Each structure stands twice: as structure tokens, then as C-alpha cells.
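Reckoned from all heavy atoms, side chains included, excluding hydrogens, waters and symmetry mates. Order of appearance sets the numbers: ligands from 1, and atoms from 1 within every ligand. It should be emphasised that the depicted structure is a prediction, and the values quoted were computed from it without experimental measurement.
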Amino acid sequence: MDENKNYEVIVIGAGVIGTSVAYHLAKLGCTRVLVLDRTQIGAGTTSQSSGILRTHYSVIENVRLAQTSWRVFDDFAAYLEDEEASAGLVRCGYLIASPDGPKLDPLRASLESQRAMDIELRYLDAAEARDLLPIARFDDAALIGYEPQAGFADAYLVATGFARAARRRGVRIVEGVEVHGLRRENGRVAGVETSQGRFNAPVVVSAQNIWARDIERWTGIASPVVPERHAVLALEGPQPYTFRMPVYKDLGSPGMLYCRSYGGRQMLVSEGIVGETLSSPDNEQGDIEMDYMVEVGAQVAERFPSFGEAGVASAWTGVYDVTPDWNPVLGPLPDVPGLVVGYGFSGHGFKLSPAVGLLLAQSALGLPTEVDIAPYALDRFRTGGLLKGRYGLGAVS
Ligand SMILES: Cc1cc2nc3c(=O)[nH]c(=O)nc-3n(C[C@H](O)[C@H](O)[C@H](O)COP(=O)(O)OP(=O)(O)OC[C@H]3O[C@@H](n4cnc5c(N)ncnc54)[C@H](O)[C@@H]3O)c2cc1C
């Protein structure tokens with residue numbers, strides 16, 4: 001490993017958030033940056049992402065971050081100044097629908113606030129929605145919103161894209177190194193202790209996701225993040241769900257399903273509600289009960305009648321870093337000068353990753369942030385200024 005022990009900033013974690021932070025630090029002119037990951041770039045929960053990109057949120061602060069991030073996804077190669085870079089973007093649009101009931105007013109209010117922010121958005125009737133997604137039924141929909149500038153991308157590709165661009169600008173990313181502790185001198189951050197010795201830096205950015213409880217052990221400051229396992233299914237139906245067909249969010253289903261094309265006749269589907277709490281952070285594959293597959297399959301068949309005959313082509317699990325209000329903690333921890341954190345993305349961090357990387361990099365360098373991150377401060381869990389979504393608990397937020 002590198003003999004150099006002294007850096008301006010050390011980033012812990014090389015998922016899509018840590019690599020984005022590293023890239024943005026370099027872009028802002030700070031190239032003496034060390035990124036450490038105990039495994040490999042993107043091998044944490046980033047590789048488990050469904051990759052959906054939308055600006056639809058009921059929490060207005062999230063809309064701002066998603067809007068800022070979309071501009072990056074929209075032309076990732078230009079943003080990274082690397083014409084060969086790709087986010088694997090599929091610009092298929094995003095449909096969200098609600099029947100009469102408790103989700104209707106939240107949906108209307110969220111769509112209106114998106115519009116007020118100049119986000120391209122259309123209200124569709126059932127026939128127009130069917131034109132876009134002919135395999136679904138919309139006869140019960142009381143309100144349908146359509147965001148054409150949305151879709152899905154590949155979170156692993158984005159993480160490796162940020163990492164490559166960061167390395168080109170001089171950032172050092174080292175895999176297979178575990179951070180064991182935070183070093184402090186006179187209360188200020190001075191670096192980290194690792195499986196490969198000590199590294200010095202006056203600023204450390206933790207992008208550790210479900211492992212953010214390490215911060216609690218190292219500093220005594222509570223990190224309110226719980227690892228929660230979610231299952232994703234790829235169902236193979238009799239009809240195609242092509243890349244031209246939009247992502248679909250079904251607010252009328254018990255599990256608030258989200259669905260997208262998985263290519264050919266396959267649909268990637270998962271529930272958008274609370275998952276299985278794990279007693280310790282671990283992103284290894286978990287069991288998916290047959291009962292769960294049947295339950296999700298029944299909800300899919302209700303919305304996509306021909307998928308009543310679908311089979312499970314593949315299935316996997318992933319783990320969310322869930323906070324009490326299902327929104328991230330971003331920014332400095334004032335009690336530990338020099339420590340900046342970005343964790344608790346609660347299953348929706350990929351679509352925010354470009355903006356979050358920029359804002360955390362600005363925060364780490366003591367610069368004003370382009371978008372105000374004060375609402376995401378850890379302190380909100382003490383003061384009660386929670387970022388509560390209108391849809392209840394879940395990653396739609
Ligand atoms: C099933 C699933 C579906 C999802 N779908 C979507 C979606 O459709 N759209 C969306 O926007 N988001 C989605 N998300 C969320 C999104 O993927 C995550 O928010 C994002 O990938 C998190 O990135 P990260 O960099 O914070 O975390 P990670 O990728 O988990 O990276 C954290 C890294 O930190 C490293 N690390 C931790 N502690 C240490 C230590 N002590 N020393 C060294 N290294 C350490 C780990 O090894 C890991 O590589 C989904 C997530 C899951 C699980």
C-alpha cells in the first residue's frame with residue numbers, strides 16, 4: 001500500500017456515495033484524497049440497488065437533491081468529462097398512480113410541488129397511461145402523474161464511473177482496508193486507524209451506509225440507522241416489459257410496489273414499505289420466503305393481469321440504511337470537528353448520489369453548499385424537525 005500517510009481528506013466507503021464525494025472533492029481542487037473500503041468499490045449495498053431515478057418525492061428537500069442529481073445522470077459522460085463514462089441510463093419515464101383513498105391527497109400535493117419547481121410533469125388519464133404501459137391496468141386510478149425525465153440506471157456503473165474519474169484527478173482509492181477507528185487530537189479529527197495502519201487527515205467523510213453505527217462506537221454520538229433487508233424479484237411474464245415502458249409506482253397496492261423493466265419479458269419488482277430489520281449490519285444474501293413471493297406475485301397480478309402467469313426468473317435481497325424518518329443524515333457532526341457524514345439513505349440514495357457527493361465535498365472543504373443541507377442535520381432527531389414523507393414509512397419518502 002501507498003507509503004503516503006498524509007491527506008487533506010479521507011473518505012470511508014467506496015459505494016456510490018463515497019466515490020461521488022471523492023470525485024467532487026477532486027473536482028473542487030482537493031486531490032490529496034484517500035478513499036478506503038474494506039471490500040471493493042460498489043460491493044456494498046450499491047450493487048444491490050434497483051437503480052430507479054425520479055424526482056418525485058413528497059419531501060421537498062429530496063426533490064431538490066434529486067433534481068440536481070438528474071442533471072448529472074442526464075449526461076454523465078459530459079459531467080465526468082469522460083466521453084466513455086456511462087451511467088447505464090434508461091430514460092423510460094416514471095408513472096405514479098393512486099386510487100381514491102389515503103394516498104390520493106399526498107400524491108396530488110407532491111405532484112403540485114414538483115410542478116412548482118419547474119419539473120416536467122404531466123397528469124394522464126387511464127387511456128394515456130395504458131398507451132405508455134399497456135401491460136398494466138389503470139381503471140381504478142384517481143390520479144396518475146408522469147415524469148418523462150426519469151427512468152433507471154446502473155448504480156454499480158455510476159460508482160465505478162465516479163471512482164475512475166476521481167482516480168484520473170489524483171484521488172487514491174484503496175480496497176481491502178478496514179477502518180477501525182477515528183483519530184482525534186484536541187477534539188479535532190486527525191485521521192483514521194485501519195487494518196493497514198494509521199492515516200492522517202484533518203477531515204474525514206464517513207459514507208459507510210449500514211455500517212455507520214461504527215461512528216457511534218468511535219465517537220459516542222448516536223447514529224440512528226437500522227439495517228433493513230428488502231427483497232427484489234425479477235418476474236418473467238408472457239408479455240414484454242420493454243425499456244421503452246416507464247417505471248411504475250403503484251400507490252394503490254398494499255406494498256406500494258415499484259416495478260420497472262428488467263429487459264425482455266422481465267419485470268423487476270419490490271415493495272416500497274418497511275422490510276426486515278437485521279440485528280447487525282450485513283449485506284449478504286438473505287432467504288426469500290415462498291410466502292413473500294406469492295404475496296408480491298398476487299399484488300403484481302392485480303395490476304398487471306397477464307403477470308398472473310409469471311414465474312420468478314431471479315430474486316435477491318439488499319439492505320437499506322434506514323433512519324427514523326426514512327431520510328439521510330448529511331453534513332458535519334459539530335461535536336467532532338472535521339467529521340462529515342452521509343448515511344441513512346433509507347433505500348433511495350442512488351438517485352441522490354451526484355448531488356450528495358457534491359454537497360458533502362463542499363461541506364468537507366468548508367465551502368458554502370450549493371443546496372442547503374441543514375434540514376438533513378443529525379440534530380433533527382433531537383429537535384423534532386423530522387423530514388417526514390406524506391406517504392408514511394417507505395423509500396418513496
Ligand atoms: C434492494 C435495494 C434497492 C434499491 N433501489 C434503489 C432505487 O431504485 N433508487 C435509489 O435511488 N436507491 C435505491 N436503493 C438505495 C441505494 O442503492 C443506496 O442508498 C446507495 O447505493 C447507498 O450507497 P452508499 O455508498 O451509501 O453505501 P454502500 O454501497 O453500502 O457503501 C458503503 C461502503 O462502506 C464500506 N465500509 C463501511 N464501513 C467501513 C469501514 N469501517 N472501513 C472500510 N470500509 C467501510 C463498505 O464496505 C461499503 O462498500 C436501493 C437499495 C437496495 C438495497
Which atoms of ligand 1 are found less than 4.0 Å from any heavy atom of [X]?
X    : value
Q48  : 1 (C), 2 (C), 3 (C), 52 (C)
N209 : 22 (C), 24 (P), 26 (O), 27 (O), 28 (P), 30 (O), 32 (C)
V319 : 53 (C)
V232 : 1 (C)
V177 : 43 (C)
F345 : 19 (O)
T45  : 22 (C), 27 (O), 28 (P), 29 (O), 30 (O)
S50  : 3 (C), 4 (C), 5 (N), 6 (C), 8 (O)

If you look only at pairs with a residue in residues 228-240, which of them pass as a side-chain hydrogen bond (donor to acceptor under 3.5 Å, both in side chains), with sequence neighbours excluded?
-> E228-H230, E236-R265, E236-Q266, Q239-S306

For ligand 1, indicate whether the residue [X] contacts it via side chain, backbone, both or neither (heavy-atom separation under 4.0 Å).
X    : result
F350 : both
T19  : neither
L53  : neither
A207 : backbone

Closest approach of any protein heavy atom to [atom], naming residue and atom:
atom                    : result
atom 37 (C) of ligand 1 : W211 CB, 3.6 Å
atom 8 (O) of ligand 1  : I52 N, 2.8 Å
atom 44 (N) of ligand 1 : R38 N, 3.0 Å
atom 21 (O) of ligand 1 : T46 OG1, 3.1 Å
atom 25 (O) of ligand 1 : I17 N, 3.0 Å
atom 33 (C) of ligand 1 : D37 OD2, 3.4 Å
atom 20 (C) of ligand 1 : V16 CG1, 3.9 Å
atom 15 (C) of ligand 1 : G347 C, 3.5 Å

Is the [X] to [Y] ring centre distance short of 6.0 Å?
X    : Y    : answer
Y94  : W70  : no
H24  : F162 : yes
F138 : Y248 : yes
F152 : Y262 : no

So is [X] polar-close to ligand 1, meaning N/O to N/O under 3.5 Å?
X    : answer
A14  : no
W218 : no
Q208 : yes
L352 : no
K351 : yes

Classify the side-chain pair N327/S397 by whether it contains a donor and acceptor separated by less than 3.5 Å.
-> yes

When you check the side-chain N and O atoms of N200 and R183, is any donor under 3.5 Å from an acceptor?
-> yes

[X] side chain to [Y] backbone, donor-acceptor under 3.5 Å:
X    : Y    : value
Y376 : E61  : yes
T31  : A26  : no
R188 : P202 : yes
N283 : V319 : no

Go through the structure and list residues passing side-chain hydrogen bond (donor to acceptor under 3.5 Å, both in side chains) with S206, not counting sequence neighbours.
->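 Per chain and number, S206 pairs via side-chain hydrogen bond (donor to acceptor under 3.5 Å, both in side chains) with Q208.
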
Going through the checks in order, is the side-chain hydrogen bond (donor to acceptor under 3.5 Å, both in side chains) test met by R390 and S110?
-> CA-CA 8 Å; R390 296 189 184 102; S110 305; 3.1 Å; yes

In plain terms, say whether K249 and E147 are close enough for a salt bridge, that is, a side-chain N and a carboxylate O under 4.0 Å apart.
-> no

Would you call R71 and D74 a salt bridge, using N to O less than 4.0 angstrom?
->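 No.
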
Any A43 heavy atom less than 4.0 Å from ligand 1 =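 No, that is not the case, since the closest heavy atom of the residue is not under 4.0 Å from the ligand.
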
